[in-house]
There are 2 protein chains.
Amino acid sequence: MTPATPSGSRSLDHPDRDDIRLAEVLHALADPVRLRIVCAIAAADGELNCADVALPVSKSTCTHHFRVLREHGVIRQIYRGTAKMNALRRADLDALFPGLLDDVLRAADLEVRRLGDG
Amino acid sequence: MTPATPSGSRSLDHPDRDDIRLAEVLHALADPVRLRIVCAIAAADGELNCADVALPVSKSTCTHHFRVLREHGVIRQIYRGTAKMNALRRADLDALFPGLLDDVLRAADLEVRRLGDG
DNA sequence: TTCATTGTACGAGAATCATCGTAGTTTGAC
DNA sequence: GTCAAACTACGATGATTCTCGTACAATGAA
């Protein structure tokens, strides 16, 4: 079949830094499943396999959420063998929205503790 | 005499602090129109009339966006005569999500400058 | 080659959302 | 009582979103 991408590699579309918009980043983060994904990547302090995040949704839905995060500029995805590694776009996000990502991560952590303790 | 707040029909539902959720706050902020509203209220440094925010949407849509912000815990709305005054729930948001609101406001301001200058 | 692993593509259904116009309500002023 | 101002309620519409299952593709290993 006709390969959609140059042979030997699979490429993924990422927005340039200048094309990242605050409202879209907030929208990407405004979902419980995606918040968990972002927290998991941050906790891994580097790259993380899609399958390494335990999520209460199907595989297709998982793909969907990772794509939303990528298309809105929150994460960067790179193929490595059969796996797809995910990393936060920290440099870009910190440059555009200083402090925002860290505060969201901290707020998510605080909320988990708050609700967990009942 | 007339109480400070109407006791009967003109009350508005606000979530308690403990019922405010990060994902919902992010969702409330993840809309360009609502982002402008929040920035305008912050710039007014206090209460702001609904009609005092210039928005590119109809009056009904305006009502809708203010309600989303209120129901998700971002703003507090109080009737004063025929007007409805709006204020940010700074204390609640800062307690739950330290730094988040300020960073969003700053990021919104930075983005306006960035896109405005081309 | 054959196979398991990993993730995608393609619908599809149910829910939510942003937007509007029109009609109505509440309040304060005259 | 009458009127204008400010906002709401309702219904509708078109778009987006979240979710899923099934079928498929790319890769690395046996």
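Keep in mind that the numbers below use all heavy atoms, side chains included, and drop hydrogens, waters and symmetry copies. Numbered from 1 within each chain, the chains take letters A, B, ... in sequence-line order.
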Answer with base, sugar-phosphate or nothing: what part of the nucleic acid does A/Tyr79 contact at a heavy-atom distance below 4.0 Å?
-> sugar-phosphate
Let me check something: do A/Leu110 and A/Leu26 share a hydrophobic cluster, defined by ILVMFWY side-chain heavy atoms less than 4.5 Å apart, either directly or through other members? no
Would you indicate, yes or no, if D/dC20 has its OP1 or OP2 atom less than 4.0 angstrom from a side-chain nitrogen or oxygen of A/Ser58?
yes
Assign each of A/Lys59 and A/Gly81 the nucleotide of DNA chain D bearing its closest heavy atom; nearer the 5' end lies the nucleotide of A/Lys59
Taken to the nearest whole Å, CD/A/Glu47 to C1'/C/dG7 is 16 Å
Testing D/dT19, C/dT19, C/dG28 for proximity to the side chain of B/Val57, the answer is C/dT19
> Should A/Arg67 be listed as having a side-chain N or O under 4.0 Å from OP1 or OP2 of C/dA9?
Replying inline: yes
### B/Val38 with B/Ile78, same ILVMFWY side-chain cluster at under 4.5 Å
no
Discussion item. Taking donor-acceptor contacts at under 3.5 Å, does the side chain of B/Ser60 reach the base of C/dG21?
Written reply: yes
Here the distance between atom P of C/dG7 and atom CG of A/Leu69, to the nearest Å, is 15 Å
Only one of A/Val25, A/Asn86, A/Ile41, A/Val68 passes side chain to side chain contact (heavy atoms under 4.5 Å, CB included) with A/Val74, and that residue is A/Val25
Does a salt bridge link B/Arg106 with B/Asp102, judged by any charged N lying under 4.0 Å from a carboxylate O? no
From CG of A/Asp52 across to C1' of C/dT5 the rounded distance in Å is 13 Å
note: B/Gln77, atom CD; D/dC7, atom P; distance rounded to Å ~ 9 Å
Item checked: Contact under 4.0 Å: B/Asn49 side-chain N or O vs D/dC7 OP1/OP2 -> yes
B/Arg36 CZ to C/dA18 P, in whole Å, measures 16 Å
From CD1 of A/Ile78 across to C1' of D/dT27 the rounded distance in Å is 17 Å
Considering only heavy side-chain atoms of A/Thr82, the closest of C/dG7, D/dA26, D/dC7 is D/dA26
Separation of D/dC7 atom C1' from B/Leu12 atom CG, nearest Å, is 11 Å
Nearest heavy-atom approach of B/Leu101 to B/Arg90 is CD2-NH1, 3.9 Å
Taken to the nearest whole Å, CZ/B/Phe66 to P/C/dC17 is 18 Å
Point to revise | B/His64 side chain reached by B/Val57 side chain, heavy atoms, under 4.5 Å | key: no
Self-check item: Expected output: side-chain B/Arg21 to main-chain A/Glu111 donor-acceptor under 3.5 Å
Solution: no
Between protein and nucleic acid, restricted to nucleotides 12-18 of chain D and to nitrogen or oxygen atoms under 3.5 Å apart, what atom pairs and distances do you find?
residue : atom : partner : partner atom : Å
D/dC18  : OP1  : A/Arg34 : NH2          : 3.1
D/dC18  : OP2  : A/Arg34 : NH1          : 3.3
D/dC18  : OP2  : A/His64 : NE2          : 3.1

